[in-house]
Every structure is written in structure tokens, then in C-alpha cells.
Number of protein chains: 2
Amino acid sequence: MLKLSKKAEYALMAAKYMALKNHSGFSTAKEISESYQIPYQLVAKVLQNLVKSDIAVSAKGVNGGFSLARKANNISLIDIIRAVETNFKIVDCMQLNSSSADCEHFDCCKIKDPLAEVQRKIDKVFTETLLVQIL
Amino acid sequence: MLKLSKKAEYALMAAKYMALKNHSGFSTAKEISESYQIPYQLVAKVLQNLVKSDIAVSAKGVNGGFSLARKANNISLIDIIRAVETNFKIVDCMQLNSSSADCEHFDCCKIKDPLAEVQRKIDKVFTETLLVQIL
DNA sequence: ACAAAAAGGACTGATTTAGTCTGACATTAA
DNA sequence: TTAATGTCAGACTAAATCAGTCCTTTTTGT
Ligand code: SF4
Ligand code: SF4
């Protein structure tokens with residue numbers, strides 16, 4: 001269906017939120033959750049993913065929270081989405097070393113290469129759009 | 001996950017198959033199914049969808065089958081994919097008259113407009129790639 | 001000590017996908 | 001006329017994925 005997952009959307013919303021209030025310290029998961037009506041547990045998980053991918057940093061304990069690890073003009077949408085979305089590919093055979101293990105049609109498929117080109121163009125869209133551009 | 005459905009892939013494969021042998025009459029669902037190892041019933045359904053969207057024409061009965069309705073340089077990938085994929089949008093709020101009925105976050109969402117721009121760029125990729133370019 | 005907040009795992013219900021089955025209906029060659 | 005070929009169409013199932021919840025642990029400031 002070529003749809004972004006909710007997690008990806010929440011990640012973008014959270015990143016935008018942090019970017020907007022970046023100067024004034026940490027943002028908590030609760031804060032973001034309430035601000036955008038997103039389930040707390042879900043946004044918390046998403047934020048953890050962002051930390052794992054070095055897009056955000058976290059501080060535990062009272063007065064803790066999350067904050068962007070880099071400037072908004074140094075974070076692309078693809079960074080944010082890849083942090084939460086395991087498999088950001090339009091088809092199953094787009095890994096570096098894909099084989100018939102990834103797709104049973106691998107050997108007789110005639111649309112692999114054209115779709116790889118399409119994939120490159122889509123990646124380009126998400127790579128070239130920076131967080132600062134969606135603020 | 002931003003993945004194309006198998007139906008979309010099969011539609012592309014079938015369209016390419018027909019484009020390649022267009023001069024020599026009709027292609028049957030069975031023929032395409034065997035050629036690419038796709039389940040017969042599925043590819044048959046996909047071909048029916050292509051007919052419904054005026055991308056292919058069908059002939060019933062003995063010696064019948066499917067054939068492209070237009071030249072391959074007049075069919076874009078988005079035509080083919082839209083024929084089988086009901087909603088080809090990255091998020092739920094991209095209809096012309098979207099409202100909070102489409103997405104509960106509609107009112108407080110701050111990433112709607114940026115994502116609409118992304119959507120436009122992705123549509124552009126699929127619109128500008130023509131069937132003739134993937135032969 | 002206590003409360004706030006992140007970290008992380010297990011689990012469930014709902015939705016979507018991929019594929020199957022079955023039964024029409026239309027065309028044509030023999 | 002009839003049998004074979006082939007499209008058309010809908011219901012159905014199993015598996016995968018998604019979205020969301022629950023629960024426990026760890027860390028930290030007051
Ligand atoms: S090999 Fe072909 S059918 Fe298989 S995933 Fe790649 S493009 Fe799709
Ligand atoms: S309104 Fe916002 S959250 Fe809802 S679908 Fe659109 S972009 Fe996603």
C-alpha cells in the first residue's frame with residue numbers, strides 16, 4: 001500500500017516537536033504524547049528508537065527527557081524514518097546481497113532493475129528533505 | 001513499511017510481458033502465470049483490474065486473452081499501480097477532502113503539509129516513469 | 001525515601017496481504 | 001451442438017504486520 005507506518009509519523013511529529021523547542025532543554029514523552037494525542041507508550045518507544053539511532057539523546061530520572069542529538073538542518077527524514085521502520089524498501093529484493101531467498105521470483109523477475117531505480121528516486125526524496133524544512 | 005503489494009508487482013510484470021509481445025496478439029493469464037511463476041488466479045485478477053482501468057483490453061473465449069490498450073510510452077507506472085492498489089498514499093489524510101474522519105490526529109497534526117509535499121514528489125516519480133522505460 | 005522519567009520486553013486485537021476455491025459467463029473450433 | 005478455452009467475479013482462509021497496552025526495571029533529582 002506504500003503507506004508510512006504510524007510509528008514513522010509519530011517519529012516525525014516527535015522530531016519536529018523537539019526541534020521547535022530545542023533551545024529550552026528536554027522534552028518528555030508525556031509532553032509529546034499529550035501535545036499530539038499520541039498514546040504515551042507508543043511515542044516513548046519511538047523516542048527510544050530515535051536515541052538508538054543517534055538522532056536524539058535522552059536523560060533519565062526527574063527532569064529528564066529527550067532532545068535532538070544534532071541540528072535540524074543535519075537530520076533528514078530518512079534518518080528519522082529508518083530509526084523506527086525496519087524495512088524501508090518498496091520490494092523485498094533491494095538488499096545489497098539479495099537472492100532468491102528474499103523473493104521466490106528473484107530468478108525470473110524482469111522488473112527488479114527498474115524498481116531499483118524507482119527505489120533510488122524515492123530514497124532521494126526522503127534523504128533530501130531535512131527536518132528543518134518541515135518545521 | 002512503504003512496500004508495494006505483490007499485486008502491484010504482478011501488475012507491472014504482466015504489463016511488461018504484454019508490452020514485449022504486443023505485436024503478436026493476446027497474452028493469456030495462464031501464459032503470464034507460468035512465465036513468471038505467479039499463482040494463476042492472482043495474475044488473472046490483476047489483469048482484470050488492468051482492464052477495468054482501461055490499461056488493457058480483454059478478449060473472451062478460445063484464443064482470447066489480454067493485450068495493452070495503449071502504447072507503452074503512454075502508460076505510466078502510476079496508472080498500472082493505481083489499477084490494483086486501492087489507496088496509494090503514504091498517509092491517511094491525503095484525500096482532497098480529508099478531515100478528522102480520516103485520521104484522529106488530523107486537527108493537532110503538524111506534519112500534514114510537509115508530508116503532502118513528499119507525497120507529490122513520490123507521485124511524480126511514479127507518474128514520470130513510463131512502461132516503455134522498464135522494458 | 002520518593003516521585004518522575006527512560007528502557008525494554010511480552011502480549012493482544014485488529015487490519016492487511018497473499019493466495020485459494022468455486023462458480024458463473026462468453027467465444028469459438030470441431 | 002458441444003466441448004474446450006478463457007474471462008469475470010465474489011467469498012473465503014491463513015499468515016503476516018500494525019497499533020496499541022501492560023508490566024517491570026533502572027536511573028536520577030529533590
Ligand atoms: S525479485 Fe522481482 S518480484 Fe521479487 S521482490 Fe524483487 S522486484 Fe519483486
Ligand atoms: S493528519 Fe497527520 S497523523 Fe493523521 S494521517 Fe495525516 S499526517 Fe498522519
Side-chain angles (χ1 to χ4, degrees), chain A residues 1-11 13-14 18 25-34 36-53 55-67 69 81 83-92 102-105, chain B residues 1-11 13-14 18 25-34 36-53 56-67 69 81 83-92 103-105:
Chain A
M1 238 167 39
L2 209 86
K3 195 173 292 182
L4 248 43
S5 67
K6 281 290 175 192
K7 266 170 77 176
E9 292 194 62
Y10 296 159
M13 291 163 90
M18 288 188 287
F26 289 109
S27 316
T28 69
K30 189 176 174 223
E31 196 180 328
I32 297 174
S33 151
E34 287 170 356
Y36 296 140
Q37 313 266 50
I38 305 172
Y40 168 77
Q41 307 275 8
L42 217 33
V43 79
K45 244 180 207 118
V46 161
L47 284 161
Q48 286 164 30
N49 288 335
L50 292 181
V51 171
K52 221 181 244 173
S53 300
I55 292 162
V57 292
S58 67
K60 288 188 182 183
V62 180
N63 298 330
F66 299 88
S67 176
I81 294 172
V84 296
E85 202 115 37
T86 44
N87 223 0
F88 198 55
K89 303 286 180 179
I90 58 172
V91 285
D92 289 331
D102 295 304
C103 172
E104 48 179 336
H105 307 107
Chain B
M1 236 164 44
L2 208 85
K3 195 173 294 182
L4 247 43
S5 69
K6 281 290 176 193
K7 266 169 77 176
E9 292 194 61
Y10 296 159
M13 291 163 90
M18 288 188 286
F26 289 108
S27 315
T28 69
K30 191 178 174 220
E31 197 181 326
I32 297 174
S33 151
E34 287 171 356
Y36 295 140
Q37 313 266 49
I38 306 171
Y40 168 76
Q41 308 275 7
L42 260 191
V43 79
K45 213 156 252 173
V46 162
L47 285 162
Q48 286 163 29
N49 288 336
L50 292 181
V51 171
K52 219 181 246 173
S53 300
V57 292
S58 68
K60 290 188 179 182
V62 178
N63 297 330
F66 298 88
S67 176
I81 295 173
V84 296
E85 201 116 36
T86 46
N87 61 355
F88 197 54
K89 302 287 180 178
I90 59 172
V91 286
D92 290 331
C103 172
E104 51 179 333
H105 307 108

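Residue numbers start from 1 in every chain, and the chains themselves are labelled A, B, ... in the order their sequence lines are given, proteins ahead of strands.
Rounded to an integer number of Å, the gap from A/Met1 CE to C/dT15 P is 12 Å. Between B/Asn87 atom CG and C/dT15 atom C1' the separation is 13 Å, expressed in whole Å. Summarising the geometry, the separation between NZ on B/Lys3 and P on D/dT17 is reported as 7 Å, rounded to the nearest angstrom. Atom pair B/Phe66:CZ and C/dT27:P shows a separation of 14 Å (rounding to whole Å applied). Atoms CD (A/Glu34) and P (C/dA4) sit 13 Å apart, rounded to a whole Å. Between A/Ile38 atom CD1 and D/dT21 atom C1' the separation is 16 Å, expressed in whole Å. Regarding B/Leu47, its CG atom lies at a distance of 15 Å from the P atom of C/dG19, rounded to whole Å. Put simply, NZ on A/Lys60 is 11 Å from P on C/dA6, counting in whole angstrom units.
One finds the CD1 atom of B/Ile81 at 13.0 Å from the CG atom of B/Asn49 (value rounded to the nearest 0.5 Å). A distance of 11.5 Å separates CG of A/Leu50 from OG of A/Ser67, quoted to the nearest 0.5 Å. Residue A/Lys45 holds its NZ atom at 10.5 Å from OH of A/Tyr40, rounded to the nearest 0.5 Å. The CG atom of B/Leu2 sits 11.0 Å away from the NZ atom of A/Lys89 when rounded to the nearest 0.5 Å.
Side chain of B/Ala29, nearest nucleotide from D/dT7, C/dA7, C/dA18: D/dT7. With distances taken from any side-chain atom of A/Ser5 to the nucleotides C/dT27, C/dA6, D/dA19, the minimum falls on D/dA19. Listed candidates were D/dA19, D/dA4, C/dG19. Nearest to the side chain of A/Leu42 is D/dA19. If you check C/dG8, C/dC21, D/dG29 against the side chain of B/Gln41, the one that comes closest is C/dC21. Of all nucleotides listed (D/dT28, C/dT27, D/dT7), D/dT28 comes nearest to the side chain of A/Val62. Of the candidate nucleotides C/dT20, D/dT27, D/dC8, C/dT20 has the atom lying nearest to any side-chain atom of B/Pro39.
Two residues are said to be in side-chain contact when any heavy atoms from C-beta on lie closer than 4.5 Å; B/Phe66 and B/Glu31 fail this criterion.
Along DNA chain D, the nucleotide closest to A/Lys45 and the one closest to A/Gly61 are compared, and the more 5′ of them pairs with A/Lys45. Each of B/Lys7 and A/Asn63 lies near DNA chain C, and the nucleotide nearest A/Asn63 is the one positioned closer to the 5' end. The residue among B/Gln48 and B/Glu104 whose nearest nucleotide of DNA chain D is located toward the 5' end is B/Gln48.
The backbone N or O of B/Ile38 sits less than 3.5 Å from a side-chain atom of B/Ser33, completing a donor-acceptor pair.
The side chain of A/Tyr40 places no N or O atom within less than 4.0 Å of a non-bridging phosphate oxygen (OP1 or OP2) of D/dC23. Remark: B/Thr28 is not in phosphate contact with D/dT7, judged by side-chain N or O atoms under 4.0 Å from OP1 or OP2. A sub-4.0 Å separation between OP1 or OP2 of D/dG20 and a side-chain N or O of A/Tyr10 is present.
Heavy atoms of B/Ala59 sit under 4.0 angstrom from primed sugar atoms or phosphate atoms, though from no base atom.
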